[in-house]
2 protein chains.
Amino acid sequence: MKKKAVVNNTSVCQVRMQAINDSMSILSGKWKFHILGTLIEGNKMGFMDLLREINGIGTKMLSKELQDLEMNQLVNRTVMNTKPITVEYSITKYGETLSPLIDELANWGIKYRQSVYGKK
Amino acid sequence: MKKKAVVNNTSVCQVRMQAINDSMSILSGKWKFHILGTLIEGNKMGFMDLLREINGIGTKMLSKELQDLEMNQLVNRTVMNTKPITVEYSITKYGETLSPLIDELANWGIKYRQSVYGKK
DNA sequence: TCACGTAGTATCCTATAGGAAACTACTTCC
DNA sequence: GGAAGTAGTTTCCTATAGGATACTACGTGA
């Protein structure tokens, strides 16, 4: 039996792997999907709105993750010149392209839970 | 201006958040998507095949992640009674339900890369 | 007998992710 | 003047993810 060559270490597979790495590096961490998901369905939210809406997140993480997402053009941050200064976060058009991915992730999780606890 | 109540802290949103948490806890880590993706397109692979195919992974991580995935019924591990003992890893029917998610992730990453470096 | 291929385990180490809590700074309401 | 709401920043701490390396154990072919 001869040494089996590496099956598919070029072109398509490598591009795919790289693509998955790219996606993961941008969407990594415990909170990105939650933040994006929340902004997708409730557009225009303040920092405190997000903090209340996303169960368990703290100010440090929210702040840091929002900066990451802004840097990657997935969310907009607009400072409003209101009486007490407020900030509006919203999803960008580009961020909206993540909608199917997030839906897929959520739906898979729901199906998973059903398969574990039995559907009722 | 009255205190704004929490917008949506029940039912739908909470279920969605929980679902995303479920998915993420199962698919967490640097390598799960790569392993699953590789097994989806190249069914029946040995440990060493995977090690060679997945660029950058080491034996410890591969072993650990495969155990996780097996525990969650996403991959099958079958010990073959061949001359030198070999092991066959393959994706389960249940694991295949992740195919659209992985495709979505990969395609998004590809589009992202194009948008950053310009399409050529 | 020794190198090589199979399939992992075990050990050690480090970087970072992420939580808790306190603090800043500004404004408005009471 | 003080509480409370806005939007964060800073500091400190710890758990864990993950890499590198070495090792086990078994069988085969030269």
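Lettering follows sequence order; numbering is per chain, from 1. Quick note: numbers below take in every heavy atom, side chains included, and nothing from hydrogens, waters or symmetry partners.
The side chain of B:Arg52 places an N or O atom within less than 4.0 Å of a non-bridging phosphate oxygen (OP1 or OP2) of C:dT6. Close to D:dG8, at under 4.0 Å from its OP1 or OP2, lies a side-chain N or O of A:Tyr89. OP1 and OP2 of C:dA7 both lie 4.0 Å or more from every side-chain N or O belonging to B:Arg77. At the phosphate of C:dG8, neither OP1 nor OP2 sits under 4.0 Å from any side-chain N or O atom of B:Gln67. The shortest distance between the side-chain N/O atoms of B:Lys60 and the OP1/OP2 oxygens of C:dC12 is not below 4.0 Å.
Between B:Leu62 and B:Trp31 the shortest side-chain heavy-atom distance does not fall below 4.5 Å. You'll find the side chain of A:Thr38 reaches within 4.5 Å of the side chain of B:Met17, heavy atoms only.
Clustering ILVMFWY residues whenever any of their side-chain heavy atoms sit less than 4.5 angstrom apart, transitively, puts B:Tyr94 in a cluster other than the one holding B:Met71.
Taking atom CE on B:Met24 and atom P on D:dT16, their separation rounds to 17 Å, with Å as the unit. One can place CE of A:Met61 at 15 Å from P of C:dA21, the figure rounded to the nearest angstrom. One atom, CD1 of A:Ile54, and another, C1' of D:dG8, lie 15 Å apart when rounded to the nearest Å. The distance from atom NZ of B:Lys32 to atom P of D:dA17 is 9 Å, rounded to the nearest whole Å.
At a cut-off of 3.5 angstrom, counting only N and O atoms as typed in the model, there is a donor on one side and an acceptor on the other between the side-chain of B:Thr59 and the base of C:dT9.
Comparing A:Glu65 and B:Ser63 against DNA chain C, the residue whose closest nucleotide sits nearer the 5' end is B:Ser63. Between B:Lys30 and B:Pro84, the one whose closest nucleotide on DNA chain D sits nearer the 5' end is B:Lys30.
Among residues two or more places apart in sequence or in another chain, the ring pair (Phe, Tyr, Trp, His ring centres under 6.0 Å) test is passed with A:Tyr112 by A:Trp108.
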